[in-house]
Structures are given as structure tokens and as C-alpha cells.
Amino acid sequence: MNWIELNNLQTAPLAKVPLLSIETFRKDLLQAVTAGKRVVDFFADREADQALLYAVLADDHLSRLYMAAAVFDRENSYPSMTAEAPMLHLFEREVFEQYGIEPQGHPWLKPVRRGIAGISDMEVPYPFMRMKGEQLHEVGVGPVHAGVIEPGHFRFSCHGEQVYHLEIELGFQHRGVENLFIRNAEKPNYLLHLAESIAGDTVIGHGGAFVRACEALEGLMVSRQTRLIRTIALELERIGVHLGDLSALSGDVAYLTGNNVFGAMRTQIINTSMAICGSRFGRGLLTIGGVNYDISAALKSKIEATLDDIEEKVELAAEVLFSSSSASARFEKTGVISTSIARELGLVGPAARASGLAIDVRQDFPFGAYNQFPVHAITLNSGDVFARAYIRYIEIIQSIRIIREQLQNLDSGELKQISSAKLPPETLVVSLAEGWRGEISHIAITDIRGKIKRYRIKDPSYHNWIALALAVRNEGISDFPLCNKSFNLSYCGFDL
Amino acid sequence: MFELLKLRKKHGYQAVPNLRRAQLPEIFRGFPLLDEHQCANGCRACIDICPTSAIETDPLRLDMGRCTFCGDCARVCPSGAIHFSACNRLGATTREKLVIPSGMTSEEFQKSAITVRREILRLFGRSLKLRQVSAAGCNGCEMELNACGNVNFDMGRFGIDFVASPRHADGVVITGPVSRNMAPALRDTFLSIGEPRLVIAVGACAISGGVFAGSEQLNRTFFDTVPVDLYIPGCPTHPLTFINAVMDFIGRK
């Protein structure tokens, strides 16, 4: 396999990416997936009269990324790889929808962002899978849901209370983010704020992936202080959302004490982000070349005191929650995703780790300060709602310890390097980050004048939505909110 | 049981006692204070850096309906002509009032920003139920609106709640820039609410499109025919900003 080998945030001249025939590309890719490599990204780009199909694979054990492209001159189809590598199912559908390159024989060539959302009057809506039988019925939910949440449509095929199949229809949130990146390629400051809004619950995750991609392309070295502060902000984001999820999971099983105490702890954490940068979600902290805010000695001790308080409370609250038999009865053995399914689908983040896959970008492809402070991926094996809840608790404790360590290392170093905003021509970079949902990937490719001509964004939800559909199979429909919350996936991160 | 009691004791009392008087820390970027006299001749630093074209000069003014409160303008300004105060009162009943001229203080803004209409007072003064529609919102404003009901802010104590069915609602709260794909669902939800019905636009995206303004994937025609009763800026809108604006709007003390 003569694919180009890359590291996270290592730039490469575009010319070094091997252009393969689709036959070789396909054979290499399938062989690699069989041998245990994971598809990080798979996307297309148009170049004059050609279409290029790119793939980025990861060997998580060797910490290496591999990239190659297949060229499509005249033909615009190829034999689908999904049957042999199910983790490609959504990527192939997306490339077909965006570039018209058809994966022939794809078992489920369903639209990605224009199934029922986004169709014009001239088009026929996507026909949902139908099950036939006298006592079967369908339940449709959304796009506007009962709570204050993002829109999406869920179609359940049920027998009584039991869910046989769930189809998830997204695309309602499509704002044309990747296009906005290209159209505004000359306004890096605008792009930063756009990146912060890819998913408003992952401001530091996506914003960080963007600024690091720019810094890598430009060859800008950020200060140690910057790396530490960014890491602290990313871990605070993780703790905040994980606490919110534990609160919501408690609420879903009508355990109101957990609902309230975890919720109040989340407020303490996001208010800590506010104390650092003026925004509860970390907006305005990041900038290309550094951070806008320092952490003073006074703020440092305040953060330490908050963390001590949270650690004590979260351990107590988790003990009460996870030893409660009524909560456990709902959590355990509900919505199980086995290790082999998780691997086949290429799941990422806490959902993958709760199903026994020891992958974590902070461990496998370290970025920023994680190069100095190794993080070990924590895994559980049961793959159920319990595991996805409990792993959040462990990761909260892990993140608290990481922040404490990083706070000790802060000094009064420089915060910002001046960015020249000049990018090298015909170069690409893959920027991976471990957001609280899992692996975020941003890929930037520049044109002959050093202008970004393709900006590819992948939210971890992209891999994980299908797992939710499989998790609810054969469960009661009343367990859906619980399963849904245990993944807590992003609609806008997916829809872009 | 013992552990539970211990937890309950540690949890303590978390509610913000007086939401109307609560102050946010100095570092929060709220109501912008502009001072044109500080501007150097021909300086365009703030205009050039603003991600949403919220600032104009001659005369200097800032449109809170577009502003993402990123603070970049204040950071690049060489003379300190722009400063974001920690004041969280940002809501207004007309779009024009969101455009802040040079020299306006937050007290002046608050005096005229929200007009209390008699019928609103009569109908919704004691209870207001709202249906929220996220129309391509990034989940920032959505999380803050959820936070309005948590143990800290607990706006339910004032009779203001989010409800599941539009049939139970007095109005719609819109977040997000309204994608083409959400335009029909937004309209349907709005039409399902019995009249008279309110429209509240929350966050830079709902008010102006925010960072997504100009994307071909938006469809904001909803706002061409349906007037907005209350605009609440922010990116995302802080719970205090939302609750205070709504309380002012329904004439609550």
C-alpha cells in the first residue's frame, strides 16, 4: 500500500498524495479495513474536469494516518465498498449526494441531508423502510421535538412497545458550513467564529481543530502557555457536557436528585469557562496563533477550588446514582452495542470506549499539550447505557486530574503569536482532536495561490448516529430517550 | 440513604436569589459601550475584524442583532472606543433599537428598549408558555434556553415555561438562522399556536442570520411575513439575558 503516511497536524504537499486508480484505491482501502485500520474521513473534491475521492485511514496502534486519492475522469461510479466495510456506508452516500459519484451496489443509498428535509416540490421524498404485519405500527417524531433541542426526524417501526427498527432522518440543520468556509477563505477571523459555531456545544473542540489546522499550514509554533490554556478549556468543555449528560440521563429515569445535582455542577464548570474567557461555552478564547485570555494566579486557585468541590460532589453523586437499583434497572443491558459492531461501524469517542474500543485522539494522535502529558483511553466492555453513562463519570474524574496537572504547569509565557495569514500553496493538513463526543477531523487543502479550496469537517456524530439506530432495536420505545441521551449526538455537527 | 442525604446537603441551595438584580462577572461581554470621540481618523480596524459586519462608522454604531459578542473589535481597537460591559440586559421590542449608537449607556438603552403593550400585560403577565423551535441553531442558544429552567435560574417560578405542544403555547421562541430545511417546520409550528401568538427571536442567528448570514442554505422568508415581538441578542444568549428580557416584556417587576 503506497499511501502517504501522515501524523496529526503534519502538512504535506498535495502532490505527495498518491493518485490511484479506483481499483487500486478500493483494494487498498478494503485490505486496510480488514487489517484493523479505521476510516477517519472519506470525501471528494472537484479539480478542473476531474473528481477526486480522498480517504484518510488511521492505524490507532501505530499512531499513523494514511491518505490517498482516486481519480474519476469520465466514469462516475465504482463498486461500493460498504458491504465489505460498513463504516463507509454514510461516507459513500454523502459523496454520491454531493458529487454524483455513485457507489454501485450500495445496500442503502439513502439521501444524507435531503431525504425529507431539503427536497423541492419536484422531488419524491425518501421512502422510509416499511415493515409489514397486522400488529406493526410506525411512530414518527420530529423534526420539532418535545424539548428544547435541535431538529431531526425519527421513524420507529414498532410491534407494540417494542422497536424493531429506527430510521434517523437528518439534514434539517444544514447551513452550508463547508461552502461558507470556501467562500470566505480570505477571512480567517470569520472562519474561526464559523468553526466555533459548527456545533455550539463543542466550541473548543471544533474551534481548536480549526486554529491548529491553520497554524500547522502556516508553520506557526504556539507557546506552551497557549497549549496549556487550550487544553484546560477543552477538558472543561468535556466535564461540562458530561455532567449535563449525567443530569439528563438521571432525568430520563425520573431520578430527580441526580438531575439537579449534576445540572448544578455543570453550571459551576461552564461558569469556570466564563471566568476564563467571558463565555460559558469558551467562545472568544481561541485565536489563530494563541489564546485571547491568560489564567492568572488568582483564577488558577479559584479553578482548583472549583475542581476540588466538583470532584468530591461528583464522586458522591455517582455513587448514589449508580448504586440505585431503580436507575441501574433502566441503564443496564439497555441499548447494547457490542465491541464487534462498534469496530465495524467505526464508532468514536466515549461511545466507542464504552463498547471496549481503546481509541482516543488524545492518546493515539496527540495534539497541543497532550504531546507532553499522555492520556490513556479508558474503556468499559458492556456497551450499554450504563457503560456510556459510567464512562462519562470516569472521564470527568480523568479530565479534572488533567486540568489540575496543566494548571501546575502554567507560567507567564507569551499568549499570542502573530499570524501572517499566509498559507502555502497546494498543501494539505489533517487536524484531529478529541472533542467530548470523540474524534473531530478537519482537513484543509489549499490551491495554487495558497487559498483554502476544500475544507472538510467531520464531527464525531457522523460515525455514531447509526449506532443509536442499532442500540434501540428490540428495546421498548420508552427506552429511546435514554439511549439517545447516552450518545448525545450533534444534529448540526452532522448536518453542517 | 446516608449518602443521599450527604449529597443533598453538599448540593445546598443553588438558585440565583434575585434574577432581576443578578450581576455577571466583569469578563462577560454584554451591552457594548461605544465612544466615537476615541476613534482615530479613517480607522477601520473594528469593521475589518468583525465576523458578522455588525459595526459601522460615521457615525459609529454596533448592531447587537448581528453581534456575536466575540470581543474581537474591542481587542483590535487601538484607542479603546469599544468596550463590552457586563450588563446582561440586551432585549428589545424593535429591530432598530438593537443598533447601539456611540455614547449610549446601558441605562438609556433599557429605558426605551422594551415597550410593554397593554394586551401583552393582560394576556401573558402572569403566565407565559413558549414553544421553542431550533431552526438550524448550533445548540448554543438551545442549551442556554434549557438552562433557564435548571436549578440555578428556574424561570418556572415566574410562570414562564417551555412546553412541548404548540397547542399549549402562547408563542414561539426561535433560535438559529433558519435553514431552508427547517423553514416549513418553523412555519407549521408557528401556525399551530393559537392566536394571539408571540414571536421571540433569540440569538444573533435568529435575529440576523449571525455567522451564517449569506449562506445559500438559509430561508428566512418566515420573517418577511411574521413580525417579531421581542429580540434577544447573544451568541449564545445568556439565561439572565433571556429571562430578564421576557420578564420586562410581560411587564413583570
Side-chain angles (χ1 to χ4, degrees), chain A residues 113-114 117-118 143-151 171-177 179-180 183 187 189-190 192-194 196-201 203 244 247 257 260-261 263-264 266-267 271 274-281 283-284 287 292-293 312-313 316-317 319-320 323 490-492 495, chain B residues 3-4 6-8 10-11 14 24-25 27-29 49 51-52 68-72 75 84 131-147 150-152 162 164-166 173 176-177 179-182 185-186 188-189 205 210-212 214-218 235-236 238:
Chain A
R113 300 187 178 97
R114 4 182 337 112
V144 180
H145 300 282
V148 182
I149 48 168
E150 297 178 70
F172 295 93
Q173 297 279 67
H174 184 48
R175 299 151 295 171
V177 174
N179 264 345
L180 284 171
R183 275 188 14 214
K187 294 189 252 171
N189 193 58
Y190 165 81
L192 167 59
H193 296 298
L194 184 62
E196 287 179 334
S197 300
I198 291 168
D201 46 31
V203 172
S247 165
T257 305
N260 289 334
V261 296
R266 169 183 177 264
T267 308
N271 283 350
M274 156 100 87
I276 295 174
C277 70
S279 159
R280 307 213 301 168
F281 298 91
R283 285 174 186 267
T287 177
N292 285 321
Y293 296 89
E312 195 188 336
K313 280 196 285 196
L316 192 55
E319 195 185 318
V320 175
S323 64
S490 177
Y491 300 75
C492 57
D495 289 343
Chain B
E3 299 291 316
L4 182 65
K6 208 163 126 194
L7 176 64
R8 185 63 194 80
K10 281 236 78 156
H11 173 67
Q14 296 289 336
L24 289 170
I27 196 166
F28 176 73
R29 292 179 293 276
I49 197 121
T52 51
T68 62
F69 298 83
C70 65
D72 285 339
R75 269 174 225 120
F84 287 90
R131 171 64 248 193
Q132 203 275 335
V133 176
S134 166
C138 74
N139 206 19
C141 287
E142 289 78 0
M143 284 196 296
E144 288 299 54
L145 291 177
N146 272 319
N150 70 14
V151 290
N152 306 97
F162 289 112
S165 169
V173 174
S179 57
R180 282 197 341 212
N181 298 352
M182 265 311 280
L186 171 60
D188 289 350
T189 307
C205 288
V211 289
F212 303 105
S215 168
E216 73 285 1
Q217 296 298 333
L218 303 189
C235 185
H238 193 279

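Just so we're on the same page: letters track the sequence lines, and every chain starts at 1.
Of the atoms belonging to A/Glu196, not a single heavy atom falls under 4.5 Å from chain B. Of the two parts of A/Arg113, only the backbone, made up of N, CA, C and O, holds a non-hydrogen atom closer than 4.5 Å to a non-hydrogen atom of chain B. Interface residue A/Phe172: backbone and side-chain heavy atoms are both found under 4.5 Å from chain B. In this structure, chain A has a heavy atom under 4.5 Å from the side chain of B/Gln14, while its backbone stays farther away. When heavy atoms are compared at a cutoff of 4.5 Å, B/Arg75 approaches chain A solely by way of its side chain, counted from C-beta outward. B/Ala135 touches chain A through its backbone: at least one of N, CA, C or O sits under 4.5 Å from a heavy atom, while the side chain does not. Only the side chain of A/Val177 comes within less than 4.5 Å of a heavy atom in chain B; its backbone stays farther off. Heavy atoms closer than 4.5 Å to chain A are found nowhere in B/Cys205, neither backbone nor side chain. With a threshold of 4.5 angstrom between heavy atoms, B/Thr189 approaches chain A through side-chain atoms but not through N, CA, C or O. Only the side chain of A/Thr257 comes within contact range of chain B, with at least one heavy atom under 4.5 Å from a heavy atom of that chain. Both the backbone and the side chain of A/Glu150 come within contact range of chain B, judged by heavy atoms closer than 4.5 Å. Using a 4.5 Å cut-off between heavy atoms, A/Ile276 touches chain B through its backbone atoms (N, CA, C, O) alone. Of the atoms belonging to A/Lys313, heavy atoms from both backbone and side chain fall under 4.5 Å from chain B. For A/Val261, the parts sitting under 4.5 Å from any heavy atom of chain B are the backbone and the side chain alike. For B/Leu24, the part lying near chain A is the side chain, with the backbone staying farther off; criterion is any non-hydrogen pair under 4.5 Å.
Chosen from B/Lys10, B/Arg8, B/Lys6, B/Glu142, the residue pairing most often with chain A at heavy-atom distances under 4.5 Å is B/Lys10. If you tally non-hydrogen atom pairs under 4.5 Å between each of B/Pro25, B/Gly176, B/Pro177, B/Gly140 and chain A, the highest count goes to B/Gly140. Of the residues considered (A/Gly171, A/Gly263, A/Ser279), A/Gly171 shows the highest number of contacts with chain B, using heavy-atom pairs under 4.5 Å. Interface check for chain A: of the options B/Arg180, B/Gln217, B/His238, the most heavy-atom pairs under 4.5 Å are formed by B/Gln217. Contact count versus chain A (heavy atoms, under 4.5 Å) is highest, among B/Asp72, B/Leu186, B/Thr52, B/Val173, for B/Asp72. Ranked by heavy-atom pairs under 4.5 Å with chain B, the first of A/Cys277, A/Gly244, A/Ser247 is A/Cys277.
Checked by atom type and distance alone, the side chain of B/Asn146 pairs as donor or acceptor with a backbone atom of A/Val148 at under 3.5 Å. Side-chain N or O atoms of A/Tyr491 include none that pairs as donor or acceptor with a backbone N or O of B/Gly137 at under 3.5 Å.
Under the salt bridge (charged side-chain N to carboxylate O under 4.0 Å, His left out) criterion, B/Arg131 pairs with no residue at all, not counting sequence neighbours. Under the rule for a side-chain hydrogen bond (donor to acceptor under 3.5 Å, both in side chains), A/His174 has no partner lying at least two apart in sequence or in another chain.
Minimum heavy-atom separation, B/Phe212 to A/Leu180: CD2-CD1, 3.8 Å. B/Ala185 and A/Val144 get closest at one heavy-atom pair: CB-CG2, 4.2 Å. Across all their heavy atoms, A/Pro143 and B/Met182 have their closest contact at CB-SD, 4.1 Å. The minimum heavy-atom distance linking B/Ile27 with A/Ala275 is given by the pair CD1-O, 3.5 Å. Closest heavy-atom contact between A/Asn189 and B/Pro51: ND2-CD, 4.4 Å. When every heavy atom of A/Asp201 is checked against every heavy atom of B/Asn139, the shortest pair comes out as OD2-ND2, 2.7 Å.
Here B/Glu216 pairs with A/Arg183 in a salt bridge; the nearest charged N to carboxylate O distance falls below 4.0 Å.
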- prompt: Does the pair A/Arg175 and B/Cys138 meet the rule for a side chain to side chain contact (heavy atoms under 4.5 Å, CB included), with working shown?
  reply: CA-CA 10 Å; A/Arg175 299 151 295 171; B/Cys138 74; 3.9 Å; yes
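Residues B/Phe69 and A/Arg283 have side chains not in contact (no heavy-atom distance under 4.5 Å, counting atoms from C-beta outward). Between A/His145 and B/Ser134 there is no side-chain heavy-atom pair separated by less than 4.5 Å. Counting only heavy atoms from C-beta outward, the side chains of B/Met143 and A/Arg280 never approach each other to under 4.5 Å.
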